[in-house]
Amino acid sequence: MAGPLSASEESHLSRNVALAGHSTNLVGIPTGLLASPDFNQHPLPLRIHGTREANSGLFARLGDCGSLAEAGDVFQDYMSVVFGFEEEQRLGEDRQGRRRFRGSYLRLLQDWGFNSNNPQGAVLKGWVESRFGLFPTFHKQPLTGFATPAWMSYVEEKMASRFHNNCIYLQLDLLFEFCQWAIAKFKAPARRHIRLYRGVDSVGEFCTLGAGNGREVLVCLNNIVSFSSDRTHAGQFGAYILETEVPVVKLLFFNDLLPRHPLRGEAEYLVIGGNYRVRLTV
């Protein structure tokens, strides 16, 4: 799916690059470039500034692990201790008998699996917006402007205090950095891309930016998107299948990253979005 952009694609992207996202982010690459199909074709390393440095002890321990399963146990044990998940499970309720709730990356993954347009989905989209600078394009309905009711609803949900009482963005920062570490160490150390699939019910579910050869299409995907490594599994979620080469530097999560998580068995990948060249098949 490589190749130069057509004149119409270049024109469309140049008009919309300012709409891709914020002028700054935490990965040190211009947001317009990060959103572009050129970046997907020729990816650069992505690091969320300061995350590995602030958690150097974790990554030192990970360096001693001999397998992905062992590293996953180390990571999840570290997250439980640092963010108090074990304390919540042990105490259960506070002194007034109210159920304790700590925002958790695992709960976000679980609830994303149920519905990517719920408040937990808004938190994930808000994290991508904050760290990578990419605006979401859809949350319950198309997000077409900052002054629209749809955008206001998205902002309200992504900032809900229920999900921000336990440094949830920092948890997601660590999940991303662990994912990138695991890819480089165990999952795909020599690969820059991975072929993934997404089932959709209609072409209208995403914004088409331009056509290529045959069934190849340039599309604008939401700032975080679910894909599957299993084409048959993806076909269960729509009449059409999007097939694309995703740069591994844009992966937040893949199915066997963690030994304990709620999306196990679904061959799911969480991918940072932007403009992708895809093949559309039935």
Side-chain angles (χ1 to χ4, degrees), residues 1-17 19-21 31-44 46 112-113 116-117 125 128 132 134-138 142-143 179 183 187-188 190-257 263 265-282:
M1 279 179 274
L5 296 177
S6 68
S8 61
E9 290 173 342
E10 287 184 347
S11 176
H12 192 110
L13 291 176
S14 64
R15 291 195 306 270
N16 290 277
V17 67
L19 304 178
T31 303
L33 174 60
L34 185 61
S36 73
D38 289 334
F39 180 90
N40 294 339
Q41 184 179 341
H42 304 289
L44 301 170
L46 294 178
W112 173 274
S116 63
N117 288 303
K125 293 166 188 173
V128 175
F132 298 87
L134 297 170
F135 294 142
T137 60
F138 191 96
L143 301 176
C179 179
I183 289 170
K187 180 69 172 178
R191 296 178 62 180
R192 301 180 70 192
H193 297 85
I194 184 169
R195 181 170 296 177
L196 297 178
Y197 308 88
R198 176 174 173 82
V200 296
D201 286 324
S202 70
V203 179
E205 290 188 22
F206 48 85
C207 178
T208 302
L209 302 178
N213 298 324
R215 292 180 179 271
E216 186 178 296
V217 184
L218 181 65
V219 300
C220 178
L221 299 179
N222 212 346
N223 69 352
I224 183 168
V225 192
S226 289
F227 278 89
S228 176
S229 58
D230 186 329
R231 191 182 191 282
T232 301
H233 184 268
Q236 299 174 8
F237 293 88
Y240 300 92
I241 294 178
L242 303 183
E243 175 187 337
T244 190
E245 298 291 331
V246 174
V248 296
V249 299
K250 280 192 170 183
L251 296 181
L252 167 64
F253 174 84
F254 55 87
N255 187 261
D256 52 346
L257 176 64
L263 298 180
E266 299 188 13
E268 184 155 358
Y269 285 66
L270 291 186
V271 174
I272 307 302
N275 300 324
Y276 280 76
R277 280 189 167 136
V278 304
R279 290 191 182 100
L280 184 63
T281 59
V282 179

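Atom CG of L252 is separated from atom OH of Y269 by 13.0 Å, given to the nearest 0.5 angstrom. Annotation: the span from E216 atom CD to T244 atom OG1 amounts to 8.5 Å, rounded to 0.5 Å. Between atom CZ of residue F254 and atom OG of residue S228 there is a gap of 14.0 Å, rounded to the nearest 0.5 Å. Atom CG in L218 sits 12.0 Å away from atom OH in Y276 (nearest 0.5 Å).
Listed here is the closest heavy atom pair of I241 and G235: CD1-CA, 3.9 Å. Contact between R195 and R191 at its shortest, heavy atoms only, is N-NH2, 4.2 Å. Nearest heavy atoms, N223 versus P136: ND2-N, 3.4 Å.
Between the R192 side chain and the P43 main chain, a donor and an acceptor come within less than 3.5 Å of each other. Side-chain atoms of K125 come within 3.5 Å of backbone N or O of S116 as a donor-acceptor pair. In this structure, N222 contributes its side chain and T137 its backbone to a donor-acceptor pair below 3.5 Å. Side chain of T31 to backbone of L134: no donor-acceptor contact under 3.5 angstrom is found. In this structure a side-chain-to-backbone donor-acceptor pair under 3.5 Å is missing from K250 to L46. Judged by distance alone, with hydrogens and angles left aside, the side-chain atoms of N40 form a donor-acceptor pair with the main-chain N or O of N275 at under 3.5 Å.
Among T281, V278, L196, the single residue meeting the side-chain contact (heavy atoms from CB on, under 4.5 Å) criterion with L242 is V278.
For the pair I194/F227, no side-chain contact is recorded, criterion being any heavy-atom separation below 4.5 Å from C-beta on. For the pair L270/L251, no side-chain contact is recorded, criterion being any heavy-atom separation below 4.5 Å from C-beta on. A heavy-atom distance below 4.5 Å is found between the side chains of F132 and L34. Side-chain contact between N117 and F138 is present, with at least one heavy-atom pair separated by less than 4.5 Å. A 4.5 Å side-chain heavy-atom check between K187 and D256 finds at least one atom pair inside the cut-off.
Residues passing the side chain to side chain donor-acceptor pair (under 3.5 Å) test with S226 are W112, E268, sequence neighbours excluded. For F253, the ring pair (Phe, Tyr, Trp, His ring centres under 6.0 Å) criterion is met by H261, not counting sequence neighbours.
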